[in-house]
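Hydrogens, waters and symmetry mates are skipped; everything else that's a heavy atom, side chains included, is used. Start at 1 and go down the list; that is how both ligands and their atoms are numbered.
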Amino acid sequence: MDETKRSIVIIGGGITGLCAAYELIKSSPPNSKLDITLLESSSQLGGAIQTLRRDGFVIEKGPDSFLFRKPAVVQLCKELGLEKDLVAMSPDSTKSFIYMNKQLHPMPEGLSLGIPTRIGPFIKTDLLTLKGKVRAAMDFIIPRRTATDDESLGSLIKRRLGTEVADHLVSPVLAGIYAGDLNKLSTAATFPQMAYMEQKHRSLILGMLANRRTVQDANSSEKHRLPEHLKKSMFLSLREGLMMLVERLNDVLRSSGVQIITKCEVRRVVGVTEGYQISTTGKSYTADRIIFAVPAEQTREILGERLPGPLVEALTSVPGVSVVNLAMAFNESDIPVLFKGAGFVIPRDQGMRITACTLTSQKWPHTTSPGKVLLRAYIGHSDDQKHVDEDDATLIDVAYRELSSILSIQRKPLFCEISRHYGSMPQYLPGHLDRITKLEEQVGTMYPGIIMAGKSFRGVGIPDCIRQGRDAAKKLIGAAG
Ligand SMILES: Cc1cc2nc3c(=O)[nH]c(=O)nc-3n(C[C@H](O)[C@H](O)[C@H](O)COP(=O)(O)OP(=O)(O)OC[C@H]3O[C@@H](n4cnc5c(N)ncnc54)[C@H](O)[C@@H]3O)c2cc1C
């Protein structure tokens, strides 16, 4: 990088934007003159990640954990000195349930992403009819697909394992991640390993078995020097909530001279002779380079109506689904027979409005004081967007009624915290990765020095967003090099 001072603006203070800023200060050479500003529209940082600490409860209003297998979060926690704050899922919460035909059924053991990998529990489960089980077993003999286009997840699962497995096992499990319709989600952009497994092993069941062994080996490898109890947990979280990550990043960035400006919504970015002019609800900024760490829809709005057609098309092809979650606190005595487990999911055809419920206090003991119970119910799916807009009282009433019918709850909650996330779950439609690759190429040519990163593009999970934010910064520094 040359001797003149360079200004870099990051738009969006979610985990992607924060990690982009962090990587900029970490990777830029000591003598580089970088002027880094992060602009965030809301009053607080973190985007989807928001933790509320209330009455002894740690309540996650957005994500509650992250996948251990993807190393980006653990790596970042180590760098930020948060390794000692990592917490594992309770060993009591290894079981999950599916609510069907007015009963909770344990998920068959060995289910991986909803795909059966153990014959015994699969044969015994009453979640599928005999016909459904026989159809699933055909996975062992059906030839592999020869077409190479990006198939929808629904089509792939139904083709190999049948409709019952797709609707009753895979769909409710994956709905928790995308709140979406399997038939509309891209396999290549969401679970590319499934298409790969079919090509390599022909059978998804055999592929999943082989994959589980590899994952176990990776988790036990030396690259994660963590205590055993953490390594055994598929998901991890942080003792005082995931917001710890945001708070620590905020401290590190501010003390390194990054200007962080909240309540500052970016309205427009236009190219000027040297760099870009950024108009906001506050003052205007100029920047040599910009990292867009906002969802695709906001990126399109900011770049304005003069955006060429193919870019508009790519940026509007990642619709966001809205979801609500309701954290409900109870006294233990109000739920006399709470089963041991992480929670349950509800297939869409069961006539319930809630799509799932996490038994948060059992799954994550750090969230709750002894004698209390914390539940988190979810409403909102790509095929149910109307209920997200209902008023708080109606949502609480519906969630309470449905939960008490399933869990025999005796009393109304001590309190309920509602978190609405509008358009927050990006839907990667078939062809997503090709569209994003083209988008990146076109942006690189038409808007030099602008990079887009975050949940709309190359992965929605926290580890993917951290990776994207950091990669965007490295790319920007490299390009400025
Ligand atoms: C309810 C829910 C539960 C989830 N659970 C999990 C989980 O358990 N584990 C997991 O790994 N992932 C989970 N995810 C996904 C993950 O949390 C998100 O995908 C990730 O945090 C997104 O980060 P981001 O920075 O890309 O986007 P965001 O978090 O959306 O951040 C974007 C930021 O940009 C700001 N912004 C928008 N427009 C402008 C503008 N014009 N000017 C300035 N700022 C702007 C927004 O205010 C926001 O702060 C969950 C997501 C949701 C919504």
Task: Stepwise salt bridge (charged side-chain N to carboxylate O under 4.0 Å, His left out) test for Lys363 and Glu60 - done: CA-CA 13 Å; Lys363 188 174 178 187; Glu60 297 290 7; over 6 Å; no
Does any N/O atom on [X] come nearer than 3.5 Å to any N/O atom on ligand 1?
X      : answer
Gly454 : no
Thr16  : yes
Val460 : yes
Ile49  : no

For ligand 1, indicate whether the residue [X] contacts it via side chain, backbone, both or neither (heavy-atom separation under 4.0 Å).
X      : answer
Ser456 : neither
Leu18  : neither
Lys455 : both

Protein heavy atom at shortest distance from [atom]:
atom                    : answer
atom 38 (N) of ligand 1 : Gln298 CG, 3.5 Å
atom 49 (O) of ligand 1 : Glu40 OE1, 2.7 Å
atom 11 (O) of ligand 1 : Ile462 N, 2.8 Å
atom 23 (O) of ligand 1 : Ile15 CG2, 3.6 Å
atom 41 (N) of ligand 1 : Val266 O, 3.0 Å
atom 31 (O) of ligand 1 : Gly14 CA, 3.4 Å
atom 9 (N) of ligand 1  : Ser65 O, 2.7 Å
atom 43 (C) of ligand 1 : Ser41 N, 3.3 Å

For [X], the ligand 1 atoms whose distance to one of its heavy atoms is below 4.0 Å:
X      : value
Ser424 : 53 (C)
Leu39  : 43 (C), 44 (N)
Asp64  : 8 (O)
Val294 : 34 (O), 36 (N), 37 (C), 38 (N), 39 (C), 45 (C)
Pro463 : 11 (O)
Gly47  : 29 (O), 31 (O), 48 (C), 49 (O)

Considering only heavy atoms, which of [options] lies nearest to [atom]?
atom                    : options                        : result
atom 51 (C) of ligand 1 : Glu265, Met425, Arg267, Glu297 : Met425
atom 5 (N) of ligand 1  : Pro63, Ala293, Ala48, Gly17    : Pro63
atom 34 (O) of ligand 1 : Gly12, Ser419, Ser42           : Gly12
atom 20 (C) of ligand 1 : Cys264, Gly320, Cys465         : Cys465

Practice problem: Report yes or no: does a heavy atom of Gly469 sit under 4.0 Å from some atom of ligand 1? | Solution: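 Flag not set, Gly469 not near ligand 1.
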Residue-ligand contact Ala453/ligand 1, heavy atom below 4.0 Å: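 It does not; every heavy atom stays at 4.0 Å or beyond.
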Test item: [X] side-chain N/O and [Y] main-chain N/O as donor-acceptor pair under 3.5 Å:
X      : Y      : answer
Glu40  : Ile260 : no
Arg254 : Leu249 : no
Thr51  : Gly241 : no
Gln362 : Asp92  : no
Gln50  : Leu45  : yes
Asp288 : Ile8   : no

Arg300 vs Thr316, test: side-chain contact (heavy atoms from CB on, under 4.5 Å). Steps then yes/no. CA-CA 8 Å; Arg300 186 188 64 76; Thr316 44; 3.3 Å; yes
query = Would you call Arg353 and Glu390 a salt bridge, using N to O less than 4.0 angstrom?
reply =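 Here Arg353 pairs with Glu390 in a salt bridge, since their nearest N and O are under 4.0 Å apart.
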Give the ring-plane orientation class for Trp364 versus His366, where under 30° counts as parallel, over 60° as perpendicular and anything between as tilted.
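Perpendicular.
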(Q) Parallel, tilted or perpendicular, judged at 30° and 60°: which one describes the rings of Phe344 and Phe339? (A)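 Because their plane-to-plane angle lies in the 30° to 60° range, the rings of Phe344 and Phe339 count as tilted.
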Would you please say whether a donor-acceptor pair under 3.5 Å links the side chains of Arg458 and Thr437?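 Result is yes, a qualifying pair exists.
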Quiz item: salt bridge (Lys or Arg N to Asp or Glu O under 4.0 Å): which pairs involve residues 377-388, sequence neighbours left out?
Solution: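 Sorted result for residues 377-388: Arg348-Asp383.
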The test is salt bridge (charged side-chain N to carboxylate O under 4.0 Å, His left out); show your working for Lys438 and Glu313 and say whether it passes. CA-CA 11 Å; Lys438 279 197 199 112; Glu313 202 186 310; over 6 Å; no
Looking only at non-hydrogen atoms, find the nearest pair between Leu38 and Gly17 and report the distance.
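Of all heavy-atom pairs spanning Leu38 and Gly17, the closest is CD1-O, 3.7 Å.
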